[in-house]
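Reviewing the structure listed below.
Below, each value reflects all heavy atoms present in this structure, side chains not excepted, and no hydrogens, waters or symmetry copies.
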Amino acid sequence: MEYNNLGHSGLKISPVGLGSWLTFGNTIHGKPVGDLVRQSLDAGLNLIDTADVYALGKSETALGEVLKDIRRSSYVLASKCYFPVGDGPNDRGLSRKHIFESIDGSLGRLQTSYLDLYQCHRFDSETPLWETARAMDDLIRQGKILYWGVSDWTAGQIKDVVSLCVQNGFAPPISNQPPYSMFHRDIETQVLPTCQELGLGNLVFSPLAQGVLSGKYLPGQAAPEGSRATDDKSNRFIGRYMGDLHLEAAQDLKEIAMSIDVPLATMALAWCLRQPAVDTVLVGVTRAEQLAENIAAAELQLDEETLQRISAILDRLPMVAGE
């Protein structure tokens, strides 16, 4: 597997990363978590992404139990803070207090002494940007994190924080983590160009539009038993893609994927990776066969004819924003 530098940093990451948003500690537990992590690492995937708020800390705890027995230098571990993790007024946001308390909580649950990448899960309009950037720089100096990044920030917010860091001698963020898929393309106009200009890589989440770009959901038919759309623990965001317009587009895209002899999921991930500013796609899987399909995207190059056929379908869809 060929690895990408994350942004302009020296950190090497696999083009497909293992996410845990709606899976580990939420819909799967125990041995299946360990099996998927080890399958990923054996296949060359080295990036594992989580957050303190995923399953209210249970995602980090589940990963910590698996990773404690695996050589620490063999993987890149990323987590995040911002969303509420308690009822107190300081149990949320990007204040120095919350960041410092959150990192210690994450390190404890993950059973590690440092994170490779620590991300601001959203922008905090109630905390001075200088305070957040200085706190992240201090964590780097303390050795608790090696790099920091942001998640789903606007182009303007990214420009502001990079400028502030350069002016004050702080370590700047090296990455952004936005939603991006064939059905969710709003970052193409401003965010991706800004990241490319300023040297941030993108670790995109929901690259399969909550699983709709697997092609398993059919227009006018009930969702398959056991699928994400039928699971109240993980179907909160899938509704926006379950209308006939997107489901019909998914079936048209599936025909293109069949014509080049790959699963739709593989093609959809490779489509995201065609963007120079996208360094990895984060996938949330529950089964080994799903992971194998996703891993194959790391080596799939889509030719110009295929990309044009895809664009003809996507151009008829409305813009989807927010996740």
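Tyr75 pairs by the ring pair (Phe, Tyr, Trp, His ring centres under 6.0 Å) definition with nothing, not counting sequence neighbours. With sequence neighbours excluded, no residue forms a side chain to side chain donor-acceptor pair (under 3.5 Å) with Asn294.
Heavy-atom minimum distance, Glu293 versus Ala265: OE1-CB, 3.8 Å. Closest approach of Gln275 and Leu192 over heavy atoms only: CD-CD1, 3.8 Å. Shortest non-hydrogen contact noted between Leu208 and Ala268 is CD2-CB, 3.7 Å. Scanning both residues, Cys81 and Tyr118, for their nearest heavy atoms gives CB-OH, 3.3 Å. The two residues Asp186 and His184 make their nearest non-hydrogen contact at OD1-CD2, 3.0 Å. Residues Leu94 and Asp124 share a closest heavy-atom pair of N-OD2, 2.8 Å.
Interatomic distance, SG of Cys165 versus CZ of Arg134, reported as 11.5 Å (0.5 Å rounding). Rounding to the nearest 0.5 Å gives a distance of 11.0 Å between OH of Tyr241 and CG of Leu317. Annotation: the span from Ile99 atom CD1 to Trp148 atom CH2 amounts to 8.0 Å, rounded to 0.5 Å. We find the CG-CE distance between Leu269 and Met182 to be 9.0 Å, quoted to the nearest 0.5 Å. Rounding to the nearest 0.5 Å gives a distance of 5.5 Å between OG of Ser14 and CG of Leu47. To the nearest 0.5 Å, the span separating OG1 on Thr286 from CZ on Phe24 amounts to 9.5 Å.
Between Asp49 and Lys80, at least one side-chain N (NZ, or NE/NH1/NH2) sits under 4.0 Å from a carboxylate O, which counts as a salt bridge. Of the charged side-chain nitrogens involved, at least one lies within less than 4.0 Å of a carboxylate oxygen, so that Asp35 and Lys31 count as a salt-bridged pair. The pair Lys144-Asp138 does not count as a salt bridge, with every side-chain nitrogen at least 4.0 angstrom from each carboxylate oxygen.
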Practice problem: Go through the steps to decide whether Val161 and Thr132 satisfy the test side-chain contact (heavy atoms from CB on, under 4.5 Å), and finish with yes or no. | Solution: CA-CA 9 Å; Val161 74; Thr132 298; over 6 Å; no
Quiz item: Please walk me through it: do Ser259 and Arg309 pass side chain to side chain donor-acceptor pair (under 3.5 Å)?
Solution: CA-CA 11 Å; Ser259 74; Arg309 293 172 66 194; 3.1 Å; yes
Exercise. Please report the C-alpha distance between Val162 and Leu200 in whole Å, then the side-chain angles of each, then the deciding distance to 0.1 Å, and finally whether the side-chain contact (heavy atoms from CB on, under 4.5 Å) criterion is met.
Key: CA-CA 10 Å; Val162 170; Leu200 280 74; 3.9 Å; yes
Exercise. Verify side-chain contact (heavy atoms from CB on, under 4.5 Å) between Leu203 and Leu117, making sure each step is shown before the conclusion.
Key: CA-CA 11 Å; Leu203 310 87; Leu117 179 67; 4.2 Å; yes
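Side-chain polar atoms of Tyr217 and His246 form no donor-acceptor pair below 3.5 angstrom. Side-chain atoms of Tyr180 and Glu188 form a donor-acceptor pair, as typed in the model, at a separation below 3.5 Å. In this model, no donor atom of one side chain and acceptor atom of the other lie less than 3.5 Å apart for Asn4 and Lys12. Using modelled atom types, one finds a donor on one side chain and an acceptor on the other under 3.5 Å when comparing Ser106 with Glu60. Ser59 and Thr50 share a side-chain donor-acceptor pair at under 3.5 Å.
Residues Phe100 and Trp130 share a hydrophobic cluster, clusters being chains of Ile/Leu/Val/Met/Phe/Trp/Tyr side chains in contact below 4.5 Å. Residues Val85 and Phe83 fall into different hydrophobic clusters, defined by Ile, Leu, Val, Met, Phe, Trp and Tyr side chains chained together at heavy-atom separations under 4.5 Å. With hydrophobic clusters built from ILVMFWY side chains whose heavy atoms lie under 4.5 angstrom apart, Met258 does not share a cluster with Val212. Hydrophobic clustering keeps Leu110 apart from Leu56 (ILVMFWY residues linked when any side-chain heavy atoms are closer than 4.5 Å, directly or through intermediates).
Heavy-atom contacts from other residues, nucleotides or ligands closer than 6.0 Å to CE of Met1 number more than 12. Other residues, nucleotides and ligands contribute only 12 or fewer heavy atoms inside 6.0 Å of the CG atom of Asp261. Other residues, nucleotides and ligands place more than 12 heavy atoms under 6.0 Å from the CG atom of Asp244. Atom CD of Gln142 sits in a crowded spot, with more than 12 heavy atoms from other residues, nucleotides or ligands closer than 6.0 Å. In this structure, Glu289 places its CD atom where more than 12 heavy-atom neighbours from other residues, nucleotides or ligands lie under 6.0 Å away.
For the pair Arg72 and Tyr114, the cation-pi criterion (under 6.0 Å, within 45° of the ring axis) is fulfilled.
Here the side chain of Ser40 pairs no donor or acceptor atom with the backbone of Leu18 at under 3.5 angstrom. Remark: side-chain polar atoms of Glu131 are not paired, donor with acceptor, to backbone N or O of Pro128 under 3.5 angstrom. When atom types are taken as modelled, the side chain of Ser181 and the backbone of Pro207 share no donor-acceptor pair closer than 3.5 angstrom. In this structure, Gln39 contributes its side chain and Leu291 its backbone to no donor-acceptor pair below 3.5 Å. Between the side chain of Asn168 and the backbone N or O of Phe170, no donor-acceptor pair lies under 3.5 Å.
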